[in-house]
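These notes concern the structure reproduced below.
Naming convention: chains lettered A, B, ... in sequence-line order (proteins, then strands); numbering from 1 in each chain. Predicted model, so just to flag it, every value in this text is computed and none were measured.
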Amino acid sequence: GTGGQATPVADTPPAGTPSGTPPEGMSPEPASPGPGTGGEVIMLSTQLAPLEEAEKMRNAILAEYPGGFPAENFVPAATAAEFTDRAEAEANAGEGNGEVSLFGALHGDLSILADAGQLTDLSDLADELGDLGLLESYVELGRFGTDQQLMIPWMQATYIMAASQEAMEYLPEDADQNALTWEDVTEWGRNIADAGHGQRLGFPAGPDGLWHRFFQGFALPAFTGRVNTAFNTPEAVEMWSWLEETWEFVNPQSSTYGFMQDPLQSGEVWVAWDHVARLRDAFTANPEGYVALPAPAGPQGRAFMPVVAGLAIPASAPNPEGARELIRYLVSAETSAVTLREVGFFPATEAELPAGLDPGIQNMSDAVVGMTGASDALPALLPVGLGEQNGAYNQVFRDVFESVVIGGQDIQTVLDQQTPNLQAVFDTSGAACWSPDPPSDGPCQVQGAE
Amino acid sequence: MAEIRLERVSTIFGKVRAVDDVELTINHQEFVVLLGPSGCGKTTLLRSVAGLESIHSGRILLGGREVTDLPPRKRDIAMVFQSYAVFPHLTVFENIAFGLRMKRIQSAEVKRRVESAAELLHIGEFLQRHPAQLSGGQRQRVAVARAIAMESGVILMDEPLSNLDALLRVEMRAELKRLLREIKATTIYVTHDQVEALSMGDRIAVMRAGKVVQVGNPLEVYSAPADRFVGSFIGDPPMNFLTAELERDGGRLTAVVAGGGRIPLDEPSAELAERVGEGLVAGIRAENIEVARQAADAPGNGVVARCLVVEPLGSHNLLTLALGDTRLKAITRPDYDVAPDEDVALHIDARRIRWLDSESGLAIGPPPQAGSPVPPA
Amino acid sequence: MAEIRLERVSTIFGKVRAVDDVELTINHQEFVVLLGPSGCGKTTLLRSVAGLESIHSGRILLGGREVTDLPPRKRDIAMVFQSYAVFPHLTVFENIAFGLRMKRIQSAEVKRRVESAAELLHIGEFLQRHPAQLSGGQRQRVAVARAIAMESGVILMDEPLSNLDALLRVEMRAELKRLLREIKATTIYVTHDQVEALSMGDRIAVMRAGKVVQVGNPLEVYSAPADRFVGSFIGDPPMNFLTAELERDGGRLTAVVAGGGRIPLDEPSAELAERVGEGLVAGIRAENIEVARQAADAPGNGVVARCLVVEPLGSHNLLTLALGDTRLKAITRPDYDVAPDEDVALHIDARRIRWLDSESGLAIGPPPQAGSPVPPA
Amino acid sequence: MRARGLGWAPYVLLVPSLVYMAIFFAAPMIQSFGLAFQDSTGAWSTASIERMLNDAQFSRALLTTVTLLVLIIPIQFVLAMGMALIINARLKGSGLWLYVFALPLGVSELAAGIIWFSIFTERGWLNTFLGGLGILERPYVFLNPQEPFWLIFAIVLAESWRATAIIMIILVAGLQSIPRDYLEAADVFGASTWQKIRRVILPLLRPALQTALILRTILAFQVFATVIAIAGRGLTVLAAEAYRWYGDLRDTNVAASYAGLILLLSVMATILYLWLLPTREERLA
Amino acid sequence: MRARGLGWAPYVLLVPSLVYMAIFFAAPMIQSFGLAFQDSTGAWSTASIERMLNDAQFSRALLTTVTLLVLIIPIQFVLAMGMALIINARLKGSGLWLYVFALPLGVSELAAGIIWFSIFTERGWLNTFLGGLGILERPYVFLNPQEPFWLIFAIVLAESWRATAIIMIILVAGLQSIPRDYLEAADVFGASTWQKIRRVILPLLRPALQTALILRTILAFQVFATVIAIAGRGLTVLAAEAYRWYGDLRDTNVAASYAGLILLLSVMATILYLWLLPTREERLA
Ligand SMILES: Nc1ncnc2c1ncn2[C@@H]1O[C@H](COP(=O)(O)OP(=O)(O)OP(=O)(O)O)[C@@H](O)[C@H]1O
Ligand SMILES: Nc1ncnc2c1ncn2[C@@H]1O[C@H](COP(=O)(O)OP(=O)(O)OP(=O)(O)O)[C@@H](O)[C@H]1O
Ligand SMILES: [Mg+2]
Ligand SMILES: [Mg+2]
C-alpha cells in the first residue's frame with residue numbers, strides 16, 4: 001500500500017536510525033521534474049543526486065561547460081526505481097520525442113534499459129575517446145554483452161583497504177602492501193594483537209555499513225572466483241572459516257560501524273575495509289596518517305567490486321548531438337579531475353591525474369588504480385536486476401555472517417539453510433547471474449539449490 | 001412557590017438502605033430541621049433532593065414539578081455540603097459568587113450579594129483569600145455564604161454551623177432564620193444541636209436508620225414523641241421511661257408502676273382505656289416529675305425512688321433517681337436540698353405522660369399536655 | 001511523663017499571627033480544653049505542637065524534651081484532624097490500624113486495639129468499608145478511633161465530636177475521658193461545645209486572636225473570667241456587665257450602678273479599694289442575680305430594672321431585663337411569675353461580682369466567690 | 001523560615017544524590033552539545049551554528065516546525081479533553097473507549113506516517129473513497145510539495161491520530177484525582193457541563209494539563225518520521241534536518257547544532273507553560 | 001441503576017461523536033494491520049506472519065525487547081519516583097531540579113543513543129575516564145556483541161537517561177494533586193518517609209502511576225534508535241526488525257506483522273497494568 005513517495009524509509013534511514021549514504025549515491029532527493037527546454041541537453045542522473053553533490057555537479061563540475069549548463073537541466077533521480085520509471089516514460093514518448101537526452105547511472109541500472117533496447121550505439125564515440133585511456137574492463141561492461149557500445153564509462157568508485165600508520169609496522173614481513181592477500185590481513189591483525197594493541201582490524205558490519213558488499217564483491221569471489229553460484233561450495237566454506245579465524249583480531253564494535261572513517265580516526269580501528277567515499281574524511285583530514293591499499297587477493301584472484309557509473313543516450317533523446325558533447329566534456333581528463341576533487345568519484349580511465357590533487361585523495365586513487373589495473377584483478381559487479389529483492393539479497397549474506405561468525409554456528413549448516421533463501425531472491429526477481437558468475441538464461445541458479 | 005415533596009423515596013448503597021421509603025412534604029417557605037443519629041441518612045436525603053444521589057425508587061417534586069430525573073443544576077437549589085466543598089482554586093469572593101456567575105448575574109449585583117452574604121457570616125475580611133488560608137469554621141461559613149447568596153427557592157443545609165463557636169452560632173441562627181424568611185426560601189436544615197433544632201425549626205423531622213419516624217413542631221416532638229426512640233433521642237436529659245401496667249379499680253384507670261407506686265389517670269384516652277391489663281411504658285420528661293420529701297408532705301402519688309446523684313446546675317438541680325432498676329432524671333429547684341441515698345416521693349403528673357407500647361415502643365393515644373413551651377437545652 | 005510546654009510560641013502565615021506568643025504548659029495526664037472563637041488559632045496551635053506548622057519563634061517541649069525542630073513522626077503524638085484526614089484508600093480497619101502498623105506492633109495486638117477503639121466509637125460494623133462509604137459523623141469517629149488506638153502520651157483533638165448527635169456525643173465524652181485517663185494521655189482538646197468544655201476539661205485555655213487570654217479550671221474561667229471577652233464568650237447566657245462607679249460613704253465601699261441602684265461591698269479587695277471614684281464594670285452571672293417584686297418584699301439593693309422578655313424554660317425562667325440601656329439576663333424559678341414591662345428589683349450578690357476595668361476590660365482583684373459548682377449549659 | 005520543622009536534614013540527605021543526578025543527567029548533555037560549538041576539525045568555533053543558520057532548509061524547517069506545533073497542540077488538547085471526559089463520565093462501556101482511543105499509541109511515529117501516507121497518496125484510500133462517492137472524478141494529488149496546505153493537513157491529522165492519546169491518558173489520570181465534591185458543588189450551583197469544565201475541572205486539572213502540554217510539546221519538537229513519510233522532502237522540520245545532517249551529510253556538528261536548537265526551543269516552551277500556568281499556593285484543602 | 005439522575009441524555013449526545021472517533025481511530029489501524037495478513041502479492045494469507053516467526057532474528061528480537069522492558073521500567077520508576085519526591089519536597093531550588101531532570105526529554109531517541117554510544121565506545125569518554133583514573137590500563141570494549149551484558153547495560157542506562165523524565169513529570173503532577181492532609185496524617189502517625197511513600201503516596205498516586213506505566217511501556221516497545229545506535233547489529237528489538245523489514249527488505253507485510261505484534265504486546269501490557277492496579281470505587285472523599 002505504500003507507493004514511491006514512501007521512499008523515506010527505503011532510502012533515508014528508518015525513522016531515527018543513523019542513515020548512511022550508500023556509495024552508489026542514492027539518497028533522498030525526489031526529482032523536481034525538470035522543465036523540458038527543447039534544444040538544450042537535459043541530463044537525468046542517479047549519480048550525484050544527494051542535495052550537496054548535485055549542487056557541486058551544477059556549480060563546479062559543469063561550470064566549465066562551453067556555453068554554460070543551465071542548473072535545472074541536471075535532474076537528479078533519487079532512486080533507481082524513480083530512474084527506471086522516468087526512463088520508461090521517456091521511451092514511451094518514442095524516437096527523439098523525449099525530454100531527456102542523457103542518462104547518467106550505474107552500470108546495473110543502465111543494463112535494464114540496454115536489455116530493453118532503449119539505448120543508442122556509441123561505438124564511434126568510444127573509439128573517439130580511446131586515447132583518454134578508458135579502462136578496457138569498463139568499456140567491455142559498456143557493451144552489455146552486445147556488439148554495440150551502449151554505455152560510456154563515466155566515473156567509478158570502489159572499496160579499498162585503509163591502514164593507519166601505526167598499523168604499517170605490523171604488516172607481515174613477507175607481505176607486499178600493494179598486493180596483499182586476505183591471509184596477510186589475518187596475519188596483520190594477529191601481529192597487532194600480539195603486540196598488545198588489541199583487536200584493530202575493522203569492517204563496516206553495522207546497520208548502515210556496506211558489509212554485504214564485502215562478501216558479494218570481495219571475499220566470496222576472491223575465494224571462489226564466483227559469487228552467487230558458488231554460494232554453497234567448499235571454497236565458500238573456506239572463506240567463511242577464514243573470516244571466523246580473522247574475526248579474533250577484528251574489533252567487536254565492528255557490528256556498530258557504518259563508515260569506517262570514524263573508527264579509523266578515533267583509533268579504534270587500524271586496518272579497515274570500506275567504500276572509498278566512506279574512508280575519504282580520514283584521508284582528507286589527515287593524509288599522512290593513513291595508507292590506502294588495494295583490496296587483498298584470495299586464491300581465485302584480487303576480487304573487487306567496481307561501482308561503475310556510465311553515460312548513455314536514450315533512443316528517445318531529443319538532442320543526441322548535445323548529449324555526445326556533454327559526454328565528451330564529462331569524461332575529459334580535466335572534468336574527471338574536478339569530479340574527483342569535488343565528490344570523490346574516480347575517473348574510469350588509466351589517465352594520469354593532474355598534480356596538486358589533495359594528497360589524501362591521491363593516496364586513495366593510487367590504490368584504486370593499482371587495484372583495478374592489477375594483473376589478477378577480478379571485477380565482481382554490483383547486483384543487476386534484483387529490484388525490490390535487493391535488500392533480501394544483502395540480508396542473506398549478513399544473516400550467514402551473523403549466524404556463523406557472531407553466532408558461531410556450523411558453516412555448512414548455515415549455508416544449507418540460507419541457500420534456498422538466496423535462490424528465492426533470484427526466482428522472485430528473475431535476475432540472471434552477473435559477472436563473475438557465468439551468464440545464465442533465466443534466473444540465476446545457486447549451486448546445490450533445487 | 002417551592003414546596004419540597006418526597007414520595008416514597010429510597011436511596012440505596014449496595015445493601016445499605018440509606019434512605020428508606022421516605023414520605024415527606026415541606027411546605028413553601030417552611031424551615032424543617034432534620035434530626036437523627038449519626039449515619040441515619042440525613043445527608044443522603046439531602047443529596048437525593050439535590051439530585052446528587054440517584055434515587056432507587058420514588059419521586060421527588062420541587063414546587064409541584066417532578067425533578068426525579070433532572071440533573072442537579074436544573075433543580076434551582078442551593079446547598080451547604082457537610083464537607084463544605086468550597087473550591088480550593090477560587091478566592092472566597094469567587095467561591096461565594098460561583099452560583100451567581102453560573103446564572104450570568106451582572107457583576108454589580110454579584111458584588112452586592114457576595115458582600116452582604118460575607119458580611120452576614122463575618123468573613124468580609126477574607127474575601128481575597130483562598131480556602132486553604134482559612135480556618136475550619138471560616139471555611140464552613142464560606143460554604144454557607146455561597147448557598148445563601150444564591151437566594152434560590154430551596155436551600156439544603158447539612159450541619160452548616162457545626163464548626164462555629166457557641167456565641168457565633170447563636171448569632172448565626174438568628175441571622176440565618178431572618179434571612180431565609182426574607183428570601184422566602186424553603187429550607188431543610190440538618191443539625192445535631194438540639195437547641196438549634198428546637199429553636200429554629202418550624203417543624204422537626206426525626207430520622208432513624210433511613211426512615212422518618214416523626215414530623216412535627218418542636219413542642220410536639222419534644223413532649224409527644226411518636227415512639228420511644230424519639231423520646232430518648234430528643235431533649236437533655238432524655239425522656240424517662242417507666243414500665244407500668246394499667247389497672248381499673250372502681251371507675252378509674254390507674255397505672256401501676258413497676259417498682260412501686262400507682263398513678264391515677266383522670267381522663268384516659270380511648271386507646272389507652274383498651275389497654276387495661278397490658279404492660280405499657282410511661283414516658284415522662286424530667287421537668288414533669290415533682291420530687292418531694294416522703295409521702296406525707298407532698299401530693300406524691302406513691303412512687304418512691306432512691307436519690308443517687310444530685311447535680312446542682314445553678315438555675316436548677318438535676319437528680320438521678322433509681323426506681324427499682326430503672327434510672328430516672330428529675331429536676332428540682334436549686335435550693336431544694338436532698339442528700340444522695342435519701343428516699344424521695346415522686347409526683348408524676350399523669351396528664352404529662354406519653355404512653356408507649358412496651359414492645360413496639362410506639363405511642364398510644366393523643367399527645368399529652370405539653371409542659372413548658374420551650375424545653376430546656 | 002508527657003508534659004506539653006509551649007514557650008513564647010508564634011506561628012505566622014504571611015501577615016496573620018495565627019498563634020501569637022503563646023506561653024502554655026499542660027501537665028502530665030492533664031486534659032486541657034482549648035476554647036475560642038472561630039479563627040482564633042486553635043487548630044494552628046495544635047498543628048504547631050504536632051509539628052505540622054513550622055513555628056516562627058519560641059520552643060515546644062514534650063515531656064521535657066525539646067521538639068521544636070523534630071518532624072511530626074518523632075514527637076510520638078496522636079491527633080484528630082478537624083478535616084478528619086482519614087485515608088480514602090484504606091478500609092476503616094486499616095485507617096484505625098495505621099499508626100500501629102507504622103510502629104510495627106504485631107497484628108494480634110493491632111486487631112485488639114483497633115476493635116476496642118472501633119467498639120468504643122460504635123463503628124465496629126463498618127471496619128471493612130472505605131471512608132467514602134461512611135457518613136460524615138462515622139468518618140469523624142474513624143478519625144477519633146485512629147487517634148486513641150495509638151495510646152500515645154500526647155493526644156491532640158480538634159473538634160473531635162462536632163459532627164455527632166447529642167446523645168452519642170454525651171456518651172462519647174464520658175467514654176473518651178475515661179479512656180484517656182486509662183492510657184494516661186496528656187490531651188489538648190479543641191471544642192466549640194461549652195458543656196463539653198466545662199464538663200470535660202481539667203483546665204480550660206481560652207484563646208482570642210492567637211493569644212491565650214486565660215487558663216484555669218472550668219469554674220474559674222466561668223465565674224472569674226480574666227477579662228470581659230472571656231466572660232462574654234463563656235457561659236450561656238453570657239455574663240452580664242453593669243457599668244458602675246465606686247464610692248466610699250462612711251467606712252464602706254459602695255458601687256453606684258449606672259441606671260440606678262447601689263451595691264454595698266462588704267469585704268472589697270485591696271486592688272478594688274484603690275479604684276474608688278473610677279468607672280468600673282461589674283460582671284455578674286445571670287444565676288447570681290436575684291429578682292424580686294419591688295423593693296420592700298426582698299433584700300433587693302436598690303437596683304431596679306424593667307423586665308422585657310420572660311422565657312419559661314421548664315426547669316427555670318430566663319428573664320431579659322433593661323437597666324438603663326444595658327441589657328441583663330437573669331434566672332428565676334419556673335413558678336416565679338413576672339409579666340413583661342413590669343419593674344423588678346434586683347439583688348446582686350456583691351461577693352459574686354467580677355470587677356473589670358472599663359477600658360482594658362481586664363479583671364481587677366481576686367476571683368469572686370464561685371456560684372454554683374457546675375455552671376448551667 | 002524553617003522547612004516545616006524539618007531543619008536542614010533533608011538538604012544534607014539530598015545533596016549527594018542530587019549531585020550524582022546532576023552529573024548523570026547534565027554531563028552527557030553538555031559534552032554532546034559542545035559539538036555544536038566545534039567545526040568539523042573539532043576546533044572551537046561557531047562555524048557549525050552559522051552553517052545551520054545559513055542552510056537553505058533552516059528557515060523553512062523552523063517555520064514548518066512551529067506551524068505544525070501551533071496547529072497540532074490545540075487540536076490535540078481539545079480532542080484529548082473530550083476523550084478524557086467521555087471516559088471519566090463512567091457511563092456504560094466508557095472503559096472500552098479508553099482502549100479505542102489509546103490504540104494508536106501502540107503505533108510508532110513512522111508507522112503512523114506510512115498509514116496516513118497510504119490514505120492520502122494519489123492512489124490512496126481517500127482518493128479511492130472520494131472517487132467511489134463520485135465526489136472526485138479523478139484522483140487528486142493531495143501530497144504535492146507545491147501546495148503545502150494538504151501536506152500540513154495530512155501531517156496534522158496523522159499526528160493527532162497518533163499522539164492525542166498520550167495527552168488523553170494523562171488527563172484521565174488527572175480527572176480521576178479530582179475530589180468528587182467539587183464537581184457536585186458545581187452541579188448543585190447550576191454549572192452547565194461547559195461551565196463546569198471551564199470553571200472547575202480545568203483549574204483543578206492544572207498540574208495534569210501542564211504535564212501533558214510540556215510532554216507533548218517536547219515530543220512534538222522531535223517528530224519527523226511522520227513528516228518525512230507523508231511529505232517526503234516536500235516539507236522539512238528541525239528534527240528531520242538534524243537527521244539529514246547527521247545521516248546523509250555526515251556533519252555531526254551541524255546536527256548537534258540542530259539538536260541543541262530543538263532542546264533550546266523545548267526548554268523555552270516549558271518555561272513558557274510554567275509561566276502561563278503557575279502552580280499557585282492553594283492546595284486541595 | 002440510573003447514571004446519577006441524568007437519564008439517557010449523555011448517551012444520546014455522545015453516540016455520534018463516539019462513532020466518529022471510533023472510525024477516526026480504529027479504521028486506519030485495521031486497514032493497515034490487514035497488511036499483516038496478506039502476502040507480498042496482496043492475497044490473504046498468514047505467509048507474512050509465518051515469515052516473521054521463522055525469521056532468524058525474531059526470537060532474538062523478542063527476547064531482547066522483553067529483557068530491556070523488564071530492566072528499564074522498574075529502574076525508571078524508582079528513579080522517577082525519587083526525582084518526583086525531591087521536586088515535590090518544595091525545598092529551596094527544587095524547581096531547578098525539575099529542569100535538570102527534564103533536560104534529556106528534549107533529546108531525541110537517536111541523539112541519546114549517539115551520546116551514550118560516544119560514552120561507551122572503545123575510545124569513548126568512559127574508557128578515557130577509567131583510563132585516567134588508572135582503573136583500566138587499556139580501553140575495554142564494552143559494546144561487544146559477544147558479551148551482551150554491557151550492551152544491555154549501556155542501553156538501559158541510555159534509556160533511563162532519556163525517558164525517565166517522562167514518568168517523572170507525570171508523577172510530579174500526580175503528587176501535586178494529593179491533598180496535603182493525608183501526608184500530614186501519615187507524618188503525625190509516625191510514618192517514616194519510606195512508609196509514607198509505600199502506604200500513602202503510592203496508593204493515592206495510583207492513577208498517575210498507571211498512566212505513566214502504560215505510557216512508558218508502550219513507548220518502550222517502540223524504542224529502537226537507541227538500541228541500534230549503541231549496539232549496531234549486536235542486538236536487535238522488535239521495532240528495529242519492523243524497520244529492517246520495511247526499510248531494507250522492502251517487505252511491508254512482514255513489517256506490518258511486526259508492528260501488529262508490537263501493538264498486541266502493548267495492549268496486553270496495558271490490560272495487565274489495569275488489572276494489577278484496578279481503579280477501586282473509593283475516591284478522595
Ligand atoms: N495559610 C494561611 N494563610 C493565612 N492565614 C491563615 C492560614 N491558615 C490559617 N490562617 C488564619 O489563621 C487563623 C487561625 O486559624 P485556625 O485554623 O488556627 O483557627 P481555628 O481556631 O482552628 O478556627 P476554627 O475554630 O474555625 O477551626 C485564622 O484566622 C485563619 O484565617
Ligand atoms: N457509598 C456508600 N456505600 C455504603 N453505605 C453508605 C455509602 N454512603 C453512605 N452510606 C451509609 O448510609 C448511611 C447514611 O449516610 P448519611 O451520610 O446520609 O448519614 P448522615 O445522617 O448524614 O450521618 P451524619 O450525621 O454522620 O452525617 C450511613 O450509615 C452510611 O454508612
Ligand atoms: Mg451527614
Ligand atoms: Mg480549627
Side-chain angles (χ1 to χ4, degrees), chain D residues 3 10-11 14 17-18 21-22 24-26 28-29 31-32 82-83 86 89 91 97 99-108 110-111 115-116 118-119 125 161 166 169-170 172-174 176-177 179-180 207-208 210-211 214-215 218 221-222 239 243 259 262-263 266-267 270 279 283-285, chain E residues 3 10-11 14 17-18 21-22 24-26 28-29 31-32 82-83 86 89 91 97 99-108 110-111 115-116 118-119 125 161 166 169-170 172-174 176-177 179-180 207-208 210-211 214-215 218 221-222 239 243 259 262-263 266-267 270 279 283-285:
Chain D
Y11 298 98
L14 287 177
S17 60
L18 286 183
M21 285 189 162
F24 177 64
F25 283 101
M29 194 84 52
Q31 272 175 292
S32 48
M83 285 150 53
I86 290 174
L91 304 175
W97 294 111
Y99 293 107
V100 177
F101 296 152
L103 260 190
L105 261 186
V107 179
S108 66
L110 176 67
I115 292 176
W116 285 89
S118 59
I119 292 179
W125 298 329
W161 177 79
I166 296 182
I169 64 175
I170 295 178
V172 169
Q176 283 186 8
S177 55
R180 198 190 273 150
Q210 216 175 41
T211 310
I214 293 174
L215 200 56
I218 290 178
F221 273 116
Q222 291 163 26
Y243 287 110
I262 293 172
L263 181 63
S266 308
V267 171
T270 309
T279 331
R283 297 291 228 84
L284 304 179
Chain E
Y11 298 98
L14 286 179
S17 60
L18 286 182
M21 285 191 164
F24 177 64
F25 283 101
M29 194 85 52
Q31 274 176 289
S32 48
M83 283 148 58
I86 291 174
L91 303 176
W97 294 110
Y99 293 107
V100 176
F101 296 153
L103 260 190
L105 262 185
V107 178
S108 66
L110 173 64
I115 291 175
W116 285 89
S118 60
I119 292 177
W125 298 327
W161 177 79
I166 295 182
I169 66 175
I170 295 178
V172 170
Q176 284 185 6
S177 55
R180 200 188 273 152
Q210 216 175 39
T211 310
I214 293 174
L215 200 56
I218 290 178
F221 273 117
Q222 292 164 26
Y243 287 108
I262 293 172
L263 182 61
S266 306
V267 171
T270 309
T279 333
R283 296 290 228 87
L284 304 178

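Highest contact tally toward chain E, considering only Ile170(D), Leu215(D), Ile218(D), Ile262(D), is held by Leu215(D) [criterion: heavy-atom pairs under 4.5 Å]. Options Ala239(E), Gly174(E), Gly82(E), Ala173(E) differ in how many heavy-atom pairs under 4.5 Å they form with chain D, and the most are formed by Ala173(E). If you tally non-hydrogen atom pairs under 4.5 Å between each of Ala102(D), Ala111(D), Ala259(D), Pro28(D) and chain E, the highest count goes to Pro28(D).
The parts of Phe24(D) that come within reach of chain E are both its backbone and its side chain, each placing non-hydrogen atoms under 4.5 angstrom from that chain. Proximity to chain E (any heavy atom under 4.5 Å) is restricted, for Ile119(D), to the side chain, taken from C-beta onward. With a threshold of 4.5 angstrom between heavy atoms, Ser118(E) does not approach chain D through any atom at all. Within the 4.5 angstrom heavy-atom criterion, atoms from both the backbone and the side chain of Thr211(D) approach chain E. Only the side chain of Ile115(D) comes within less than 4.5 Å of a heavy atom of chain E; its backbone N, CA, C and O stay farther away.
Taken to the nearest 0.5 Å, the CZ atom of Phe221(D) stands 10.5 Å off from the CG atom of Leu263(D).
Shortest non-hydrogen contact noted between Gly106(D) and Ser266(E) is CA-OG, 4.3 Å. For the pair Val107(D) and Met29(E), the tightest heavy-atom approach, listed with the atom from each and the gap, is CG2-SD, 3.5 Å.
You'll find the side chain of Thr270(D) stays beyond 4.5 Å of the side chain of Leu105(E), heavy atoms only.
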